[in-house]
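Side chains are part of it too, since the values below use all heavy atoms of this structure and drop only hydrogens, waters and symmetry mates. Naming convention: chains lettered A, B, ... in sequence-line order (proteins, then strands); numbering from 1 in each chain.
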Number of protein chains: 2
Amino acid sequence: MLRAQYATRGPRPADVIEAVEFTPAPLVEGQALLQVLAAPINPSDVLTLTGEYGMLPPLPAIGGNEGVGKVVELGPNTTGPAVGTTVLLPVGVGTWATHVVADAKKLVPLPGNADPVQLSMLTVNPPTAFLMLRDFVTLAPGDWVIQNGANSAVGGYLNQLAKLKGYRTVSVVRRESAIASVEAADVVIVDGPDLHKRVAAATGKAKIRLGIDCVAGAATDRLASCLAEGGTLVNYGRMSGEVCHVSPGSFVFKDLTLRGFWLVLWFRKATPQEQTAVFGEIAQLVATGKLSARVQATFDVREIKAAVALAASGERAGKVVIVPKV
Amino acid sequence: MLRAQYATRGPRPADVIEAVEFTPAPLVEGQALLQVLAAPINPSDVLTLTGEYGMLPPLPAIGGNEGVGKVVELGPNTTGPAVGTTVLLPVGVGTWATHVVADAKKLVPLPGNADPVQLSMLTVNPPTAFLMLRDFVTLAPGDWVIQNGANSAVGGYLNQLAKLKGYRTVSVVRRESAIASVEAADVVIVDGPDLHKRVAAATGKAKIRLGIDCVAGAATDRLASCLAEGGTLVNYGRMSGEVCHVSPGSFVFKDLTLRGFWLVLWFRKATPQEQTAVFGEIAQLVATGKLSARVQATFDVREIKAAVALAASGERAGKVVIVPKV
């Protein structure tokens with residue numbers, strides 16, 4: 001059995017993580033041994049390796065926050081999904097591994113006939129898109145939403161969810177070459193000067209009340225300049241590596257609200273019923289193929305260094321997913 | 001009769017404005033002629049002269065947005081406050097003048113025995129402080145509020161209002177020499193690195209849920225770093241001349257909300273009843289001396305260039321007020 005482990009953090013994720021052999025201790029009551037089928041590398045995983053994330057596990061740690069697996073063995077006197085069942089792995093167990101041991105009570109059964117790679121990305125990016133679209137501004141069918149970094153996985157999920165709800169979307173990307181990677185958008189525009197004028201022209205001067213920013217830096221203010229008076233800008237990332245810039249011209253004179261979104265805080269505050277409702281809806285959409293993310297490449301656990309290096313690079317056109325070889 | 005007029009806008013306010021003689025047309029029904037007793041120069045007036053404000057009057061224009069006057073004459077068949085009454089001048093009439101003509105219906109009588117210089121500052125800064133303290137976070141006696149640029153007139157009003165409500169205040173200033181100009185604060189601290197640590201030490205690690213920023217730039221983020229999870233940061237100015245910087249570390253991971261406040265939008269949205277309630281409370285406090293602003297210097301209308309130059313400089317210890325000589 002193999003897992004991707006790191007004992008230090010640093011600016012080059014590939015330098016700090018490596019695949020190591022391990023043998024799990026015999027299962028005790030309440031535990032399950034799972035074979036990992038797929039586990040993605042998210043931007044938050046990269047920031048965890050560099051030490052820039054808002055919550056860092058004690059070291060040494062196993063990489064990977066989400067994924068799907070198959071039940072291989074249940075501990076003594078343990079009830080849980082039957083051996084062979086495909087399940088969602090609990091958040092934070094260290095999923096970049098061939099096998100993980102987890103609390104059997106926390107395993108959520110998934111349809112066995114759906115694509116495990118798509119299912120493996122269910123816990124982090126789709127609810128981020130879902131909640132940002134639902135919890136900040138009350139939208140009606142026909143309303144517009146604008147986002148930057150729209151070729152990201154969250155960006156694709158957000159556009160797909162918006163389309164399912166009947167909203168219209170403007171997708172802003174940072175380079176011409178990213179246009180082809182944007183999914184399901186009504187309007188795609190390359191970021192730059194006069195963004196608000198080009199957006200106004202492309203949408204017929206629509207009053208856009210919700211903006212979603214994962215780039216930060218001056219891009220935050222350009223997105224803010226596209227919003228209508230009283231609108232809300234939600235930031236959830238900093239792909240530019242910079243802090244958000246917001247000019248008073250945008251948010252004082254136009255009464256904009258700037259919010260941050262972090263799924264971790266939602267998990268802390270949402271009741272189990274709320275969480276089940278959200279994940280039930282998302283799991284259904286993913287399992288039926290209505291919600292999906294592009295995959296750039298899959299890697300074995302052995303190839304973890306190449307996998308995190310690709311995930312950390314800006315020139316991807318899809319997600320990097322660990323698919324352990326058996 | 002004299003008034004301060006400008007026909008162009010530019011980076012040096014003193015270069016574009018000048019005192020000119022004028023003779024008002026004979027009053028028509030509904031109008032009143034007022035002798036101006038006092039009219040302050042606010043930061044928003046300076047930004048109006050430089051062209052950086054969110055709302056700009058057509059040119060040529062008379063400077064000055066607020067002030068108090070005395071009724072000199074009423075138009076034919078006009079009812080209004082009797083000749084000799086001290087009144088609040090309507091917003092935006094161009095108050096840096098020896099006399100103004102105004103709509104008699106819009107004149108609000110004021111106590112004749114209160115200081116006209118203090119009354120003249122009633123319309124802009126006190127409601128800004130009052131509403132920022134009231135409308136964004138529900139505070140209880142004992143709660144803390146933090147603000148920067150706290151030696152400003154709004155800063156002083158905010159501290160005085162907070163004290164009246166039983167809130168505790170942290171006042172952040174940009175230079176040692178400004179400490180002496182801060183009014184009514186519980187804690188005064190000079191801005192700089194580790195601000196959040198020094199604030200935590202000075203307040204016994206108080207959970208501060210409301211921050212008020214008029215400096216912008218990196219100062220916005222330093223103020224944000226002092227707020228508790230779920231807190232709100234309200235920006236209403238940019239004394240640094242920079243855009244606001246906010247790091248995801250502050251507002252994504254801590255779930256902060258960043259809002260802008262602009263009194264002009266409140267005037268547009270608040271009902272007459274709401275406006276009367278707010279100004280009734282403030283006028284009472286100013287007239288009885290419970291709410292006041294420091295005055296750095298007073299100038300005649302003739303000295304308008306020197307007055308706006310001083311108002312635009314960073315090294316003031318109080319407000320600049322036009323007090324026309326008669």
Do you know the tightest heavy-atom contact between B:Arg316 and B:Val320? CD-CG2, 3.8 Å
Can any side-chain N or O of A:Glu66 pair as donor or acceptor with the backbone N or O of A:Val124 at less than 3.5 Å? yes
Should we count CZ of B:Arg12 as having more than 12 external heavy atoms under 6.0 Å? no
Would you check if there is a donor-acceptor pair between the side chains of B:Glu242 and B:Ser240 at a distance under 3.5 Å? no
If you count every heavy atom of other residues, nucleotides or ligands that lies below 6.0 Å from A:Lys205 atom NZ, does the total exceed 12? no
Could you tell me which of A:Gly237, A:Cys244, A:Gly54, A:Gly260 has the largest number of non-hydrogen atom pairs under 4.5 Å with chain B? A:Cys244
If you look at every heavy atom in A:Met132 and A:Phe136, which pair is closest and at what distance? O-CD1, 3.6 Å
Heavy atoms under 4.5 Å from chain B: which residues of residues 247-255 of chain A carry them? A:Ser247, A:Pro248, A:Phe251, A:Val252, A:Phe253, A:Lys254, A:Asp255
Is it the backbone or the side chain of A:Leu256 that comes under 4.5 Å from a heavy atom of chain B, or both, or neither? backbone
Determine the option with the most heavy-atom pairs under 4.5 angstrom with chain A, choosing from B:Val243, B:Leu258, B:Val234. B:Leu258
Please give me the minimum heavy-atom distance between B:Val154 and B:Ala129, naming the atom from each residue. O-CB, 3.8 Å
If we ignore angles and hydrogens, is there a donor and acceptor under 3.5 Å between the side chains of B:Gln147 and B:Asn159? yes
Least distance between heavy atoms, B:Tyr157 atom then B:Met121 atom: OH-CB, 3.6 Å
Tell me the closest heavy-atom pair linking B:Leu122 and B:Pro127, and the distance in Å. O-CD, 3.2 Å
B:Tyr53 ring center near B:Trp262 ring center (under 6.0 Å): yes
Under 4.5 Å, heavy atom to heavy atom, which residues of residues 210-233 of chain A contact chain B? A:Glu229
